[in-house]
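Read through the structure below, which is laid out as structure tokens, and then see the notes.
Numbering of residues begins at 1 and proceeds along the displayed sequence. Computed from heavy atoms alone, side chains included, the values below leave out hydrogens, waters and symmetry copies.
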Amino acid sequence: MVVAFYSPLHGQAGTSSNLLSIAISLVLNYQKKLFLMESHFEKNGLESMVIKKPKQVEQSFLEDFGIDLIARSKAMGELCEEQLNNASFSFLDNQLHLLPGTRQVNRDIFEQSIQPTILEVLELANQYYDMVFIDISSNRGELTNKLLERADLMVVNLSQNPCTIRTFFEETPVEKGKQIYILGNYDKNSRFNRINLSYMFPKLSIQNTVTISYNGLWRDASYEAEAISFMRKQFNANVRKKTDNYAKEIKKASLQIIRKAGGRHV
């Protein structure tokens, strides 16, 4: 199943952060096998949250991994599962695979070579993993539109800014397939909380909208490439404690995705 994480504005709703924390939750709590990738031409952030780069090889550390490696390998023949494995980083007992995004700085080359490769990798990974999560650029270009069209489930990441939400619904009048909404970097004390926003925007119903609060400890762990160990500790803790609301929210979002996917949970 292909799950596209999308936000109409970059950097406001914690899209990449939400994707990663939910993916880790699905592996740890529901024993899913996931493949993570992204379509950004620039500002590829997923790997920075889980991979510590050796200081001495900062510029070249990821050159032997990622979508660029697969694009170069295509000339040698048809893509296969082994190429995905060789180009990806694996975590959590090989249940979570991350394909780093492009290092390409030439947009023309990216559009001619990398974009078609992203679509091919997406279809290939979908054959071998329970779910493929893709972090999609907020730029509504040709690639973004193709990926949203292809996705089995679209996870729309929104802020609590009603102007932004209104613009999104006005510019995206047609919904295709299944969708859920995440209010990211959520502040429950805001006047524009989930309940009030659902009155303003009926599509943000209780059945298809979840919240993920801002969490400073999670942010710091992500900056230090400790996202996985942080989430592991969260889910090992007693989630009934009031201080563990973040873990509860992530598990709720994970369960929402499983339900929308038509799967069963344990």
Side-chain angles (χ1 to χ4, degrees), residues 3-7 9-28 34-71 84-92 94-107 110 114-115 117-118 121-122 125 129 131-139 143-144 147 155 157 159 182 184-185 212-235 246 250 253:
V3 182
F5 280 70
Y6 171 78
S7 179
L9 290 175
H10 181 80
Q12 293 192 13
T15 305
S16 300
S17 173
N18 295 341
L19 182 157
L20 182 60
S21 57
I22 291 171
I24 297 170
S25 170
L26 286 167
V27 174
L28 294 177
L34 273 77
F35 187 85
L36 313 184
M37 56 188 299
E38 49 197 341
S39 69
H40 301 276
F41 171 63
E42 55 189 8
K43 297 180 180 179
N44 298 302
L46 284 177
E47 63 262 25
S48 68
M49 292 188 274
V50 294
I51 302 169
K52 290 186 177 181
K53 302 177 186 178
K55 294 181 180 179
Q56 300 302 319
V57 288
E58 184 76 21
Q59 299 301 320
S60 60
F61 177 62
L62 294 175
E63 288 183 1
D64 292 331
F65 296 90
I67 192 68
D68 295 336
L69 174 61
I70 293 182
L84 291 187
N85 292 334
N86 291 339
S88 305
F89 289 90
S90 64
F91 308 92
L92 298 174
N94 209 37
Q95 291 300 105
L96 181 67
H97 285 194
L98 168 62
L99 182 71
T102 186
R103 319 322 289 175
Q104 183 57 249
V105 296
N106 185 304
R107 184 174 288 275
F110 173 77
I114 307 302
Q115 283 190 2
T117 303
I118 289 174
V121 168
L122 187 75
Y129 295 82
M131 293 181 181
V132 180
F133 279 13
I134 181 163
D135 187 353
I136 296 182
S137 171
S138 57
N139 177 17
L143 178 60
T144 293
L147 291 170
V155 180
N157 296 262
S159 70
I182 294 178
N185 291 325
I212 297 180
S213 301
Y214 173 81
N215 186 293
L217 295 177
W218 162 253
R219 179 204 60 187
D220 293 346
S222 299
Y223 287 165
E224 297 170 349
E226 295 287 352
I228 290 178
S229 60
F230 175 85
M231 294 306 300
R232 192 193 293 272
K233 291 177 182 177
Q234 287 286 301
F235 294 126
Y246 184 73
I250 297 302

Between [X] and [Y], what is the shortest heavy-atom contact and its length?
{"X": "Leu46", "Y": "Ser16", "result": "CD2-O, 3.7 Å"}
{"X": "Asn185", "Y": "Gly14", "result": "ND2-N, 3.7 Å"}
{"X": "Ile67", "Y": "Gly101", "result": "CG2-C, 3.7 Å"}
{"X": "Asn86", "Y": "Leu69", "result": "O-CD2, 4.4 Å"}
{"X": "Ser88", "Y": "Phe35", "result": "OG-CE1, 3.4 Å"}
{"X": "Phe110", "Y": "Ser39", "result": "CZ-O, 3.6 Å"}

Decide yes or no for [X] and [Y]: does some side-chain heavy atom of the first lie under 4.5 Å from some side-chain heavy atom of the second?
{"X": "Gln95", "Y": "Leu34", "answer": "no"}
{"X": "Tyr246", "Y": "Met231", "answer": "yes"}
{"X": "Phe89", "Y": "Val50", "answer": "no"}
{"X": "Val132", "Y": "Val3", "answer": "no"}

Please name all residues satisfying side chain to side chain contact (heavy atoms under 4.5 Å, CB included) with [X], sequence neighbours left out, ordered by chain then number.
{"X": "Asn157", "answer": "Phe5, Ser7, Ala13, Thr15, Asn18, Val155, Ile182"}
{"X": "Ser222", "answer": "Met49, Trp218, Ala227"}
{"X": "Ser90", "answer": "Asn94, His97"}
{"X": "Leu92", "answer": "Ile24, Val27, Leu28, Leu96, Ile228, Arg232"}

Rounded distance [0.5 Å steps], [atom1] in [X] versus [atom2] in [Y]:
{"X": "Leu122", "Y": "Phe133", "atom1": "CG", "atom2": "CZ", "answer": "12.5 Å"}
{"X": "Ile22", "Y": "Ile250", "atom1": "CD1", "atom2": "CD1", "answer": "5.5 Å"}
{"X": "Gln234", "Y": "Leu217", "atom1": "CD", "atom2": "CG", "answer": "7.5 Å"}
{"X": "Asp135", "Y": "Leu19", "atom1": "CG", "atom2": "CG", "answer": "5.5 Å"}
{"X": "Leu143", "Y": "Ile114", "atom1": "CG", "atom2": "CD1", "answer": "11.0 Å"}
{"X": "Glu38", "Y": "Ile136", "atom1": "CD", "atom2": "CD1", "answer": "11.5 Å"}

Suppose we screen for side-chain hydrogen bond (donor to acceptor under 3.5 Å, both in side chains). Which residues come up paired with [X], at least two apart in sequence or across chains?
{"X": "Glu226", "result": "Lys52, Ser229"}
{"X": "Ser213", "result": "Glu249"}
{"X": "Tyr223", "result": "none"}
{"X": "Ser21", "result": "none"}

Take Ser138 and Leu9 through the test side-chain contact (heavy atoms from CB on, under 4.5 Å) and record every step on the way to the result.
CA-CA 6 Å; Ser138 57; Leu9 290 175; 5.8 Å; no

